[in-house]
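Please read all numbers here as calculations on a predicted model, not as lab measurements. All ligand and atom numbering here is 1-based and tracks the order in the structure. When a residue number appears, it is its place in the shown sequence, counting from 1. Just so you know, these numbers use all the heavy atoms, side chains as well, and skip hydrogens, waters and symmetry mates.
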Amino acid sequence: MFTLTLAAGKETRLQSGHPWIYRSEIARVEDEGEPGAVARVHDSRGRFLGQAMANLKSQIAGRLLSRQEAPIDAAFFEGRIREALARCGRSVQGPDGCRLIHGEADHLPGLIVDRYGDLLVVQFLTAGMERVRQTLLAALRALIQPRAIYERNDASFRKLEGLELRKGFAWGEGETSLWIQEGGVSFFVEVAEGQKTGFFLDQRDNRQVVKRLAAGREVLDCFCYSGGFAVSAAAGGAASVIGIDLSAQAIAWAQRAAARNDLSPRCTFMVANAFDALRSFDREERRFGLVILDPPAFTKGKGALEGALRGYKEINLRAMKLLVPGGILVTCSCSYHVDAPMFLEMLRAAAADAHREFHLREVRTQAPDHPVLLAARETQYLKCAVLEALN
Ligand code: SAH
């Protein structure tokens, strides 16, 4: 039987509730299966710890699926999906966007399922999930009865697992673009061409915070993508909104969303590099009452951490300088290697260099349908700080 035996002392992470096994922690492999096959996991004394999807080609060589002996079959996956659907206020009906399965934190490591209206978008990010693709698709169809299931398996992450990149309908067919409602605002979602699965569902609640704070303010949304924060701010009564993104396609979608919500007169969207735009606004002495920074992850690995923190500091310092007294900065980071304490320390350094004093009004995280596994700090990847300038 395919079995992984851990080196002495290497069972503590699993025992503390974290689901990963690193390749370097494995002392012995018996009857090695194909990448992604389910293996029994033993501690160094041969005691059973659980069953994991194993891929010895990947650094993360095992992802724990179960701590029980029961077989990992179609009924197992259906049960796990049912459990996920029942938690975190998730909804399998209605027109809104919602994450239904969030990988490790839903005990389905490597599986992402988002729902946009009656369309499901799935990502099989590991060799293990790829192997049980048909079982998962059948279970999702039976439990959710979607119109179609679209596969965004073009995430570069899959290369680490030795998987090819591809996208397309996994089941059913039809349109890949649609409108969703969020907080009374309509947003355009393109699941085939958009980033992630089409929309940044993890920022849902933070967009509502921005909407509430925006009234009467001049707003700058850097890294605006399809207008999530920018259009929410306009809907919340912002005096004016500027949205900036490097992607012309994202800007076109943001403009469509502003028009659809009858907010175009107060919204200006520009294709630009946010670093350059922040610099030129400062040169022109433009000031804003609310600035939002939601950049892409500046680092995907631990190695590039220093450079990433420099990048975060630069944009935050520049944004801080643009605020009027009493102005608000909503600043985010989705790199999981930059944890909340590091992020706050970077903000302190930026504020000192900007010669500005702030109240830290809130430190927020991802929306609840992207649950955080307490034992696995990587699952809390999104930081969102709300700062108010006192001078
Ligand atoms: N706030 C958005 C999500 C932002 S994702 C929402 O709530 O929907 C990050 C965005 O930054 C992407 O759209 C990407 O195109 C854009 N981007 C990446 N580098 C950039 C840069 N240097 N300047 C401006 N935009 C950039």
Side-chain angles (χ1 to χ4, degrees), residues 96-99 114 116 121 155-156 179-183 185-191 193-211 213-214 219-236 238 241-258 260-261 267-281 290-300 304 307-308 310-316 318-319 329-336 338 364-367 369-370 381-386:
D96 300 326
C98 182
R99 174 149 297 187
D114 288 342
Y116 298 103
V121 187
S156 63
W179 289 92
I180 60 162
Q181 285 275 324
E182 183 190 87
V185 182
S186 298
F187 289 105
F188 184 70
V189 179
E190 212 324 311
V191 304
E193 300 301 324
Q195 300 191 35
K196 300 232 271 189
T197 63
F199 198 60
F200 288 81
L201 294 170
D202 51 359
Q203 291 283 24
R204 180 192 308 112
D205 294 359
N206 301 330
R207 285 189 284 264
Q208 298 314 303
V209 170
V210 160
K211 192 176 167 197
L213 290 169
V219 177
L220 173 62
D221 180 10
C222 297
F223 313 94
C224 70
Y225 185 53
S226 58
F229 284 110
V231 179
S232 297
V241 180
I242 298 177
I244 291 172
D245 201 283
L246 211 45
S247 152
Q249 195 171 48
I251 288 297
W253 295 335
Q255 283 165 332
R256 284 185 75 165
R260 174 97 167 194
N261 293 286
C267 294
T268 308
F269 290 101
M270 304 189 300
V271 179
N273 185 324
F275 284 81
D276 300 338
L278 285 165
R279 211 171 294 138
S280 56
F281 284 135
L290 172 59
V291 178
I292 300 125
L293 296 177
D294 183 20
F298 286 160
T299 170
K300 299 222 158 119
R310 259 200 310 280
Y312 285 119
K313 185 176 167 193
E314 174 171 348
I315 54 170
N316 280 281
R318 293 192 184 285
L329 175 62
V330 175
T331 178
C332 308
S333 162
C334 58
S335 320
Y336 75 67
V338 176
R364 306 178 51 85
T365 186
Q366 62 233 37
D369 54 351
H370 295 58
Y381 62 96
L382 186 64
K383 283 81 45 195
C384 173
V386 181

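- Contacts of D202 classified as side chain to side chain donor-acceptor pair (under 3.5 Å), with partners at least two apart in sequence or in another chain: K196, Y381.
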Expected rows: ligand 1 N/O, protein N/O, dist below 3.5 Å:
residue: ligand 1; atom: 1 (N); partner: D294; partner atom: OD2; Å: 2.7
residue: ligand 1; atom: 7 (O); partner: R207; partner atom: NH1; Å: 2.8
residue: ligand 1; atom: 13 (O); partner: Q195; partner atom: NE2; Å: 3.0
residue: ligand 1; atom: 13 (O); partner: D245; partner atom: OD1; Å: 3.4
residue: ligand 1; atom: 13 (O); partner: D245; partner atom: OD2; Å: 2.7
residue: ligand 1; atom: 15 (O); partner: Q195; partner atom: NE2; Å: 3.2
residue: ligand 1; atom: 15 (O); partner: D245; partner atom: OD1; Å: 2.6
residue: ligand 1; atom: 22 (N); partner: N273; partner atom: OD1; Å: 3.2
residue: ligand 1; atom: 23 (N); partner: A274; partner atom: N; Å: 2.8
residue: ligand 1; atom: 25 (N); partner: L246; partner atom: N; Å: 3.1

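- When the side chain to side chain donor-acceptor pair (under 3.5 Å) test is applied to S226, no partner is found at least two apart in sequence or on another chain.
- Counting heavy atoms from C-beta on, the side chains of V210 and D221 never come closer than 4.5 Å.
- Looking at Y116 and T197, their side chains do bring a donor and an acceptor atom within 3.5 Å of each other.
- Scanning for side chain to side chain donor-acceptor pair (under 3.5 Å) contacts around D294 gives Q203, with sequence neighbours left out.
- The line from OG1 of T268 to CG of L220 is 11.0 Å long, rounded to the nearest 0.5 Å.
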